[in-house]
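Inspection log for the structure reproduced underneath, given as structure tokens.
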Amino acid sequence: MVNRRSFLISAAFWFAGSTSLTRASVVRDHMPWSPFPSSAPNDARPGPWQFFTANEARVVEALADRIIPPDSDTPGGKDAGCAVFIDRQLKGPYGSAAGLYQFGPYLKGTKEQGPQSELTPAELYRKGLAALDRYCKVSLGQAFDQLSADQQDNTLKKLEAGEIKFDGVDAQGFFDAVLKDVPEGFFSDPIHGGNRDMVGWRMIGFPGIRYDYRDWVGRHNERYPHPPVSIAGRADWTPHKS
């Protein structure tokens, strides 16, 4: 009878002899396999709105400027490109809720459970912006982007508190989505359309994707002196063609 030790040794030799390890070849010029598909993010190019209508875009820009108002040192959400960021995101996988479970049942959950809606983000924005437009015109006589700053702020406070109800869409859920997406655009990498000229990163002293800034990690309450770097690099690093 073959004992276990002999069997395992024989099996090991058989496995090694049956694999490609025993048929290795010299690799020249290029690798004999292809890399995995690139997962590099899409570069949001300047241009027309891809998801929003012109009227919707003006309202989202106004919303962005109230959530992140401009001051003497930093542009607000509008000039930082937050609406462009949201527009490009809604046109892509985020807008269609790609990769998320979108089947029922739909029950009202706790805030910690995240959105519990059958609407995709794109549908939420489309319905929410239309409902906001109706509310503002009926209650205040003008579209949201035409209201005074105080009126806009008061409307947003009521939305946040759940004091305004929309037909066919969760008003508070719409506000929560905008409140989440605008800061994301303000601090995202500029290739996504927001954080124009890296204004958000400059404001907080974030270095971006610089290769090495370990010398500054432990230096608290000191302003980082170097300009931030995007995924796309920096313009002054790119050689100009004559």
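Counting non-hydrogen atoms of other residues, nucleotides and ligands closer than 6.0 Å to CG of D167 gives a total of 12 or fewer.
The two atoms that bring T155 and L132 nearest to each other are CG2-CD1, 4.2 Å, heavy atoms only. The heavy-atom pair separating A143 from D133 by the smallest distance is CB-OD1, 3.7 Å. Scanning all heavy atoms of the two residues, the minimum distance from T120 to S96 falls at CG2-O, 3.8 Å. Scanning both residues, R202 and D197, for their nearest heavy atoms gives NE-O, 2.9 Å. Closest of all the heavy-atom pairs between F187 and G200 is CE2-O, 3.5 Å. The two atoms that bring A83 and V60 nearest to each other are CB-CG1, 3.8 Å, heavy atoms only.
Under the 4.5 Å side-chain heavy-atom criterion for Ile, Leu, Val, Met, Phe, Trp and Tyr, F166 and V138 are members of distinct hydrophobic clusters. Residues Y94 and L100 do not share a hydrophobic cluster, clusters being chains of Ile/Leu/Val/Met/Phe/Trp/Tyr side chains in contact below 4.5 Å.
Partners of W216 under the ring pair (Phe, Tyr, Trp, His ring centres under 6.0 Å) rule, at least two apart in sequence or in another chain, are Y224. Partners of F174 by ring pair (Phe, Tyr, Trp, His ring centres under 6.0 Å), not counting sequence neighbours, listed by chain and number: Y125.
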Next item on the list: Could you please spell out the steps behind the side-chain contact (heavy atoms from CB on, under 4.5 Å) verdict for W49 and E56?
Entry: CA-CA 10 Å; W49 300 104; E56 289 173 340; over 6 Å; no

Handout entry: R196 vs V84, side-chain contact (heavy atoms from CB on, under 4.5 Å): CA-CA, chis, key distance, verdict
Key = CA-CA 10 Å; R196 189 172 294 152; V84 176; 3.8 Å; yes

* **Criterion side-chain contact (heavy atoms from CB on, under 4.5 Å) on Q50 and R88, from CA distance to verdict** => CA-CA 7 Å; Q50 297 181 7; R88 303 308 194 257; 3.3 Å; yes

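Counting only heavy atoms from C-beta outward, the side chains of D181 and Q89 never approach each other to under 4.5 Å. Looking at heavy atoms from C-beta onward, C136 lies in side-chain contact with L147 at the 4.5 angstrom threshold. Side-chain contact check for V59 versus F52: every heavy-atom pair is 4.5 Å or farther apart.
Here the CZ atom belonging to F175 is positioned 11.0 Å from the NZ atom belonging to K157, to the nearest 0.5 angstrom. Atom CD of residue E184 and atom CG of residue L179 lie 10.5 Å apart, to the nearest 0.5 angstrom. The CG atom of L129 lies 11.0 Å from the CZ atom of R134; values are rounded to the nearest 0.5 Å. Once rounded to the nearest 0.5 Å, the distance linking CZ of F85 with CZ of F186 reads 13.0 Å. Between the CE atom in M203 and the CG atom in D73 there is a gap of 10.0 Å [rounded to 0.5 Å]. Distance check, rounded to the nearest 0.5 Å: CG of N195 to CZ of F206 gives 9.5 Å.
With R66 as the fixed residue, the salt bridge (Lys or Arg N to Asp or Glu O under 4.0 Å) test singles out one of D153, D145, D150: D153.
Side-chain contact check for D189 and S230: at least one donor-acceptor pair (N or O, by modelled atom type) lies under 3.5 Å.
Judged by a 6.0 Å distance limit and a 45° cone about the ring axis, R126 is positioned over the six-membered ring of F51.
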